[in-house]
Undergrad: 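For reference, the structure I am asking about is given below.
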Amino acid sequence: MKKIVLLFAMVLMSISGFAQADKIINSYKDNSGIQIIELNKAMLEMVASAAKSDEEKEALKSVDSMTMGMIGSDELAKEIMGKLEVLESQGYGKMDVKEEGVKAVVYLKQADNIISEILMVANAEGHNVLTLMKGKFNADQMESLIKK
């Protein structure tokens, strides 16, 4: 009986962890300090059709949804980043990126070589940006696109 209760608790924790990134972002939808837009699969397919290379087209076709936000202040960006720290305990990997005027925190939900979520908060040239991509895409493919 204890094993069943423990297994059930672990399943519930993994489900709540999967929805955690969405929950954090959704908590800011009514905040006037952030402008959020959501792109569904159909919109992303339109964007993919205009991509420059076949590699970019394939990567974009594998994204199911994308949420993007422009964060109006550094203080709000820091607040959001603070709330996102919980994702590490929910099975997300974390990377800090600092390169040529860009400072970003990236969280990845990955199993083997397949990424299901990428969440990034970045500050580039004084602009704070939030991006959440969901889908099933190859980690090697995304890495090569990022390097371009």
Side-chain angles (χ1 to χ4, degrees), residues 9-148:
M10 289 173 59
V11 168
L12 284 176
M13 285 176 25
S14 68
I15 291 170
S16 67
F18 186 74
Q20 190 70 31
D22 278 330
K23 188 188 286 187
I24 293 168
I25 292 171
N26 287 337
S27 71
Y28 286 95
K29 280 189 175 179
D30 294 329
N31 188 314
S32 63
I34 184 170
Q35 297 174 346
I36 295 177
I37 59 170
E38 296 177 349
L39 302 174
N40 61 27
K41 187 74 173 170
M43 292 176 196
L44 289 165
E45 286 174 3
M46 287 176 25
V47 172
S49 68
K52 295 177 184 173
S53 71
D54 289 339
E55 188 179 28
E56 289 173 346
K57 285 180 185 180
E58 286 303 310
L60 286 169
K61 285 181 181 178
S62 61
V63 179
D64 293 331
S65 67
M66 183 182 292
T67 302
M68 297 170 21
M70 293 295 296
I71 305 169
S73 70
D74 290 342
E75 294 79 23
L76 183 57
K78 287 177 186 174
E79 177 185 318
I80 293 169
M81 284 192 272
K83 287 187 178 183
L84 293 175
E85 288 177 0
V86 71
L87 297 177
E88 283 186 275
S89 66
Q90 301 293 327
Y92 287 73
K94 179 183 176 187
M95 292 187 307
D96 291 311
V97 179
K98 294 179 185 176
E99 187 175 308
E100 297 181 31
V102 176
K103 184 177 178 183
V105 178
V106 181
Y107 292 93
L108 300 170
K109 185 79 166 187
Q110 181 175 347
D112 297 321
N113 202 35
I114 302 298
I115 299 171
S116 58
E117 289 185 48
I118 300 174
L119 176 61
M120 179 184 73
V121 178
N123 180 293
E125 299 175 9
H127 300 284
N128 296 295
V129 179
L130 168 87
T131 305
L132 172 62
M133 290 191 304
K134 290 183 173 187
K136 291 182 181 172
F137 29 89
N138 181 294
D140 296 332
Q141 182 182 43
M142 293 307 289
E143 183 178 346
S144 72
L145 281 174
I146 291 168
K147 287 180 179 179
K148 284 187 174 184

Undergrad: Would Ile80 and Ile34 satisfy side-chain contact (heavy atoms from CB on, under 4.5 Å), going step by step from the backbone distance to the final call?
TA: CA-CA 11 Å; Ile80 293 169; Ile34 184 170; 4.2 Å; yes
Undergrad: How about Met120: does its CE atom have over 12 heavy atoms from other parts shown lying under 6.0 Å from it?
TA: yes
Undergrad: Might you confirm whether atom CD of Gln35 has over 12 heavy atoms from other residues, nucleotides or ligands at distances under 6.0 Å?
TA: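 Open: at most 12 neighbouring heavy atoms sit under 6.0 Å from CD of Gln35.
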Undergrad: Is there a side-chain contact (heavy atoms from CB on, under 4.5 Å) between Val121 and Asn128? Walk through the geometry before answering.
TA: CA-CA 7 Å; Val121 178; Asn128 296 295; 5.8 Å; no
Undergrad: Restricting to non-hydrogen atoms, name the atom on Glu117 and the atom on Ala21 that form the minimum distance, rounded to 0.1 Å.
TA: OE1-CB, 3.7 Å
Undergrad: Distance check, rounded to the nearest 0.5 Å: Ile115 atom CD1 versus Lys134 atom NZ?
TA: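 It comes to 15.0 Å.
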Undergrad: Could you tell me whether the side chains of Lys23 and Asn26 share a donor-acceptor contact shorter than 3.5 Å?
TA: no
Undergrad: Judged by atom type as modelled, is there a donor-acceptor pair below 3.5 Å linking the side chain of Gln110 to the main-chain atoms of Asp112?
TA: yes
Undergrad: I need the minimum non-hydrogen distance between Asp64 and Gly135, along with the two atoms involved.
TA: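 That closest heavy-atom pairing would be OD2-CA, 3.5 Å.
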Undergrad: Would you mind reporting whether Met70 and Val129 have side-chain heavy atoms less than 4.5 Å apart?
TA: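 With C-beta onward as the side chain, the pair touches.
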Undergrad: Would you say CG of Asn40 has more than 12 non-hydrogen atoms from neighbouring residues, nucleotides or ligands within 6.0 angstrom?
TA: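 Buried by this count: over 12 neighbours within 6.0 Å.
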Undergrad: With a cut-off of 6.0 Å (strictly less than), are more than 12 heavy atoms of other residues, nucleotides or ligands near NZ of Lys103?
TA: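 Incorrect, the count does not exceed 12.
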Undergrad: Can you confirm whether the side chains of Tyr107 and Gln90 place a donor and an acceptor under 3.5 Å from each other?
TA: no
Undergrad: Between Leu84 and Val105, does the side-chain contact (heavy atoms from CB on, under 4.5 Å) criterion hold? Intermediate values first, please.
TA: CA-CA 9 Å; Leu84 293 175; Val105 178; over 6 Å; no
Undergrad: Quick one: NZ on Lys109 to CG on Leu87, what's the gap to the nearest 0.5 Å?
TA: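 Going from the NZ atom of Lys109 to the CG atom of Leu87 covers 8.5 Å.
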Undergrad: Side chain to side chain contact (heavy atoms under 4.5 Å, CB included) with Leu119: which of Asp22, Thr67, Ile25, Ile24?
TA: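 Output: one option passes, namely Ile25.
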Undergrad: Just verifying a value: how many Å separate Ser49 OG and Lys57 NZ, rounded to the nearest 0.5 Å?
TA: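 It comes to 7.5 Å.
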Undergrad: Would you sort out whether Tyr28 and Ile71 count as a side-chain contact (heavy atoms from CB on, under 4.5 Å), showing the intermediate values?
TA: CA-CA 10 Å; Tyr28 286 95; Ile71 305 169; over 6 Å; no
Undergrad: Does the side chain of Val106 reach to within under 4.5 Å of the side chain of Ile118, using non-hydrogen atoms?
TA: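 They are in side-chain contact.
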Undergrad: Inspect the surroundings of NZ in Lys94 and state if more than 12 heavy atoms from other residues, nucleotides or ligands are less than 6.0 Å away.
TA: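 Correct, the count exceeds 12.
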Undergrad: Ignoring hydrogens and geometry, is there a side-chain-to-backbone donor-acceptor pair from Lys41 to Val63 under 3.5 Å?
TA: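 Such a contact is found between Lys41 side chain and Val63 backbone.
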